[in-house]
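Reading through the structure tokens given below for one structure.
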Amino acid sequence: MDFTPDAGTITMFSTTWCGYCKRLKKMLDASGIGYTEINIEDVPGTAELVESLNGGNQTVPTVLYPDGSAATNPSLNDVKAKLGV
């Protein structure tokens, strides 16, 4: 399954209990940056995908960018810079 987001948006892999995920979502919402949230505990195969992006760790939030690159727990400024907004 391809989770690559559309231009100008991100895909964020998260869990319901992750405080860092909640914080990033709040900042993205306030900044008007679109995202698709995927709970790695609910969507089969995504925990393994996150592990592969993070050296074997299920670290969230893990963000996937339109160019196919990923970042672990990025700041809002990092996301904005990567998206060019």
Side-chain angles (χ1 to χ4, degrees):
M1 186 171 229
D2 184 12
F3 295 103
T4 306
D6 293 331
T9 69
I10 63 169
T11 299
M12 180 171 61
F13 297 98
S14 67
T15 62
T16 56
W17 47 266
C18 170
Y20 294 110
C21 300
K22 291 175 185 175
R23 181 185 66 173
L24 183 57
K25 287 190 300 185
K26 190 174 191 175
M27 290 187 290
L28 291 168
D29 288 341
S31 298
I33 296 173
Y35 60 93
T36 300
E37 183 179 12
I38 298 173
N39 186 328
I40 67 169
E41 295 178 322
D42 293 339
V43 180
T46 55
E48 293 79 8
L49 173 61
V50 168
E51 282 181 4
S52 72
L53 295 170
N54 291 298
N57 298 309
Q58 290 184 13
T59 307
V60 289
T62 294
V63 169
L64 191 60
Y65 294 106
D67 67 2
S69 65
T72 304
N73 196 16
S75 69
L76 179 62
N77 286 336
D78 290 343
V79 173
K80 285 180 172 182
K82 187 70 176 177
L83 295 178
V85 295

- Item | Trace of the side chain to side chain donor-acceptor pair (under 3.5 Å) decision for Thr59 with Asn54 | CA-CA 7 Å; Thr59 307; Asn54 291 298; 4.9 Å; no
Check whether [X] and [Y] end up in the same hydrophobic cluster, where Ile, Leu, Val, Met, Phe, Trp and Tyr are linked by side-chain heavy atoms less than 4.5 Å apart.
| X | Y | answer |
| --- | --- | --- |
| Val85 | Met27 | yes |
| Leu53 | Ile38 | yes |
| Leu24 | Val60 | no |

Inter-residue atom distance [X].[atom1] - [Y].[atom2], 0.5 Å rounding:
| X | Y | atom1 | atom2 | value |
| --- | --- | --- | --- | --- |
| Asn73 | Arg23 | CG | CZ | 6.0 Å |
| Thr46 | Asn39 | OG1 | CG | 7.5 Å |
| Thr72 | Asn57 | OG1 | CG | 9.0 Å |
| Ile33 | Thr9 | CD1 | OG1 | 10.0 Å |
| Phe13 | Glu41 | CZ | CD | 14.0 Å |

- For Pro61 against Cys21, the heavy-atom pair lying closest together: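 Minimum heavy-atom contact is N-SG, 3.5 Å.
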- Not counting sequence neighbours, which residues clear ring-ring contact (aromatic ring centres under 6.0 Å, His included) with Tyr20? List them please.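 Result, ring-ring contact (aromatic ring centres under 6.0 Å, His included) vs Tyr20: none returned.
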- Within-4.5 Å side-chain heavy-atom neighbours: Ile40 and Thr62: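 They are not in contact (no side-chain heavy atoms under 4.5 Å apart), so the answer is no.
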- Student check: side-chain heavy atoms of Leu76 and Leu28 closer than 4.5 Å: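 Counting from C-beta outward, Leu76 and Leu28 do come under 4.5 Å.
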- Message: Test of understanding: with side-chain contact (heavy atoms from CB on, under 4.5 Å), list the residues that count as partners of Lys25, not counting sequence neighbours.
- Response: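 Only Met12, Tyr35, Glu37 meet the side-chain contact (heavy atoms from CB on, under 4.5 Å) criterion with Lys25.
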- Partners passing side-chain contact (heavy atoms from CB on, under 4.5 Å) against Ser69 (at least two apart in sequence or in another chain):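 With neighbours one apart ignored, the set is Tyr65, Asp67, Lys82.
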